[in-house]
Number of protein chains: 2
Amino acid sequence: MSAPDKGSDRQGWRALREIIHERILSGAYPPGARLPRDADLAEQLGCARATVQRAMRALADDGLIERKRKGGSRVLARPVTRATFDIPVAREEVEATGRAYGYQLVARDITQTPHSVAAAMGLAAPERMLRAQALHLADRRPFMYEDRWISLATVPEIVDVDLTRESANEWLLAHRPYSRCTLRFSAANATDAQAELLGTRAGDALFVIERGTWLGSAPITCVTALAPPGYALSTEA
Amino acid sequence: MSAPDKGSDRQGWRALREIIHERILSGAYPPGARLPRDADLAEQLGCARATVQRAMRALADDGLIERKRKGGSRVLARPVTRATFDIPVAREEVEATGRAYGYQLVARDITQTPHSVAAAMGLAAPERMLRAQALHLADRRPFMYEDRWISLATVPEIVDVDLTRESANEWLLAHRPYSRCTLRFSAANATDAQAELLGTRAGDALFVIERGTWLGSAPITCVTALAPPGYALSTEA
DNA sequence: TGACAAAATATGTGCATACATATTACTGTT
DNA sequence: AACAGTAATATGTATGCACATATTTTGTCA
């Protein structure tokens with residue numbers, strides 16, 4: 001029957017991706033080389049073009065190959081290391097390691113943002129916003145310190161939230177979904193005040209995560225999170 | 001009129017994703033809620049189930065919804081912030097900012113790895129490996145310092161490469177593709193020697209990138225890269 | 001030779017259908 | 001009521017087809 005040997009080697013698109021990946025690793029398709037057309041690969045491997053497309057798109061998403069509309073597919077000469085991080089909520093990050101999570105509001109007030117914060121949030125001029133500074137604890141020891149600004153224009157309800165009980169981050173995630181998010185990782189020396197809060201010494205190298213979220217073009221919040229020495233973000237690509 | 005109005009509002013899967021995303025943002029599908037079945041959405045939106053599937057899978061990949069085989073699709077109550085970073089080769093990172101790239105080998109020798117490195121590479125015991133320490137420069141100023149170990153068992157040819165001319169990283173990328181890669185970001189205070197090399201002061205907060213690559217289960221290389229203050233890694237999720 | 005229009009081509013997308021697979025829900029038995 | 005086996009169900013995957021779209025290549029004309 002016309003059945004294209006389904007029974008013997010029923011390959012899924014994941015298997016196809018693996019086969020092609022192997023060919024790249026083994027040098028059969030060396031860096032910079034052009035791969036066969038999807039249609040040819042499909043015939044060669046005994047499957048439909050759509051299945052090859054699925055596998056190839058996965059390889060392209062992983063940064064291994066490059067696909068262009070008429071140029072065909074090429075093995076990237078200099079594959080970029082593409083890594084995906086899931087930035088967890090502090091509570092879950094702590095609890096994932098089996099420690100007890102704690103939260104503590106350090107300060108809360110409503111003031112004018114500095115120019116730097118307004119700029120980071122894409123505003124032309126500073127605005128009055130809610131500023132919340134808080135500590136996340138793991139087994140009662142400082143885990144991360146966050147200094148957060150929340151737009152009163154976009155999230156007016158935030159003034160009525162009891163931030164001594166609930167982390168602003170968790171409240172926002174539950175009540176104000178965002179459509180855009182920027183992230184920035186860097187390192188900084190701890191100031192005296194930061195060291196005091198994090199239980200380390202001034203000058204210690206802190207891991208810095210800066211995050212901004214928007215709903216459409218309206219800024220929601222902008223946080224600078226500081227983690228004491230020992231903190232690391234890791235992933236497998 | 002069984003024709004599913006193709007002419008008027010021919011929606012692509014990206015448009016569908018956007019529509020569903022909007023519904024989530026607007027609260028039509030609140031956090032934790034179950035979404036309609038793919039088939040129902042398809043009928044409601046006037047397209048094929050495959051198209052809905054494509055959109056929904058994209059939303060799931062972005063960490064916005066969760067899909068289970070019979071449980072249907074749910075809006076994630078606590079959406080994780082999922083960010084994808086492309087870790088560039090130093091040369092390209094420098095040149096992307098319009099600066100002149102420079103490279104300088106600081107040291108090269110073949111010695112036994114410390115236990116820590118052997119462990120990081122998944123080896124039971126230390127091995128003799130090639131260690132290459134090098135500086136990447138931007139406009140003749142230190143941009144990043146790397147301390148790298150390369151497995152002689154996996155990459156014996158590396159001993160014949162002139163590392164004073166070519167960065168080990170670029171040689172490896174061109175000649176030794178990897179199948180697995182681990183990444184770890186952290187912060188550390190500069191030692192005297194590191195500060196000297198990077199042109200900063202001892203104690204300054206450095207951004208640390210640790211990376212390991214393997215081909216199958218064979219370790220290829222393991223690097224610790226240090227960037228001076230001012231360096232940051234950023235992305236848009 | 002050079003510029004511009006037209007044809008060719010490889011990937012991208014959409015659709016309809018069939019079947020696979022993982023879970024949930026149900027049902028009958030003890 | 002507890003349990004195991006079975007049916008129901010929503011998503012996952014594969015296929016064949018047609019057409020869309022972005023590039024490259026080719027061809028024509030000045």
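Letters A, B, ... mirror the listed sequences (proteins, then strands); counts begin at 1.
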To the side chain of [X], which of [options] is closest?
X        : options                   : result
Arg14(B) : dT13(C), dA25(C), dT23(D) : dT13(C)
Ala48(A) : dT15(D), dT11(C), dC15(C) : dT15(D)
Lys70(A) : dT9(C), dT13(D), dA10(D)  : dT9(C)
Ala50(B) : dA10(D), dC15(C), dA10(C) : dC15(C)
Trp13(B) : dC15(C), dT13(D), dG14(C) : dG14(C)

N/O (side chain, [X]) to phosphate O (OP1/OP2, [N]) under 4.0 Å:
X        : N       : result
Ser73(B) : dA10(D) : no
Gln53(A) : dT13(C) : no
Arg49(B) : dT11(D) : no
Arg69(B) : dT24(C) : no
Thr51(A) : dT13(D) : no

ask   = For Gly71(A), which contact category applies under a 4.0 Å heavy-atom criterion: base, sugar-phosphate, or nothing?
value = nothing
Rounding to an integer number of Å, can you tell me how far [X] [atom1] sits from [N] [atom2]?
X        : N       : atom1 : atom2 : answer
Met56(A) : dT13(C) : CE    : P     : 15 Å
Arg34(B) : dA10(D) : CZ    : C1'   : 7 Å
Arg54(B) : dA14(D) : CZ    : P     : 14 Å
Arg37(A) : dA10(C) : CZ    : P     : 4 Å
Gln11(B) : dG14(C) : CD    : P     : 10 Å
Leu45(B) : dC15(C) : CG    : P     : 11 Å
Arg57(B) : dA14(D) : CZ    : C1'   : 13 Å
Leu35(B) : dT11(D) : CG    : C1'   : 13 Å

Under a 3.5 Å cutoff, is there a donor and acceptor pairing between the side chains of [X] and [Y]?
X         : Y         : value
Glu146(B) : His136(B) : yes
Thr84(A)  : Arg82(B)  : no
Asp162(A) : Thr164(A) : yes
Ser73(B)  : Tyr29(B)  : no

key: The single option from Arg180(B), Arg184(B), Arg211(B) passing salt bridge (charged side-chain N to carboxylate O under 4.0 Å, His left out) against Glu236(A)   = Arg180(B)
query = Phe207(B) and Phe185(A): aromatic ring centres closer than 6.0 Å?
reply = no
message = Nearest 0.5 angstrom please: Leu233(A) CG to Leu183(B) CG, how far?
response = 10.0 Å
query = Which pair of non-hydrogen atoms, one from Ser151(A) and one from Pro219(A), has the smallest distance, and what is that distance?
reply = CB-O, 3.2 Å
ask   = Going by heavy atoms closer than 4.0 Å, what residues in residues 61-68 of chain A are next to DNA chain C?
value = Arg67(A), Lys68(A)
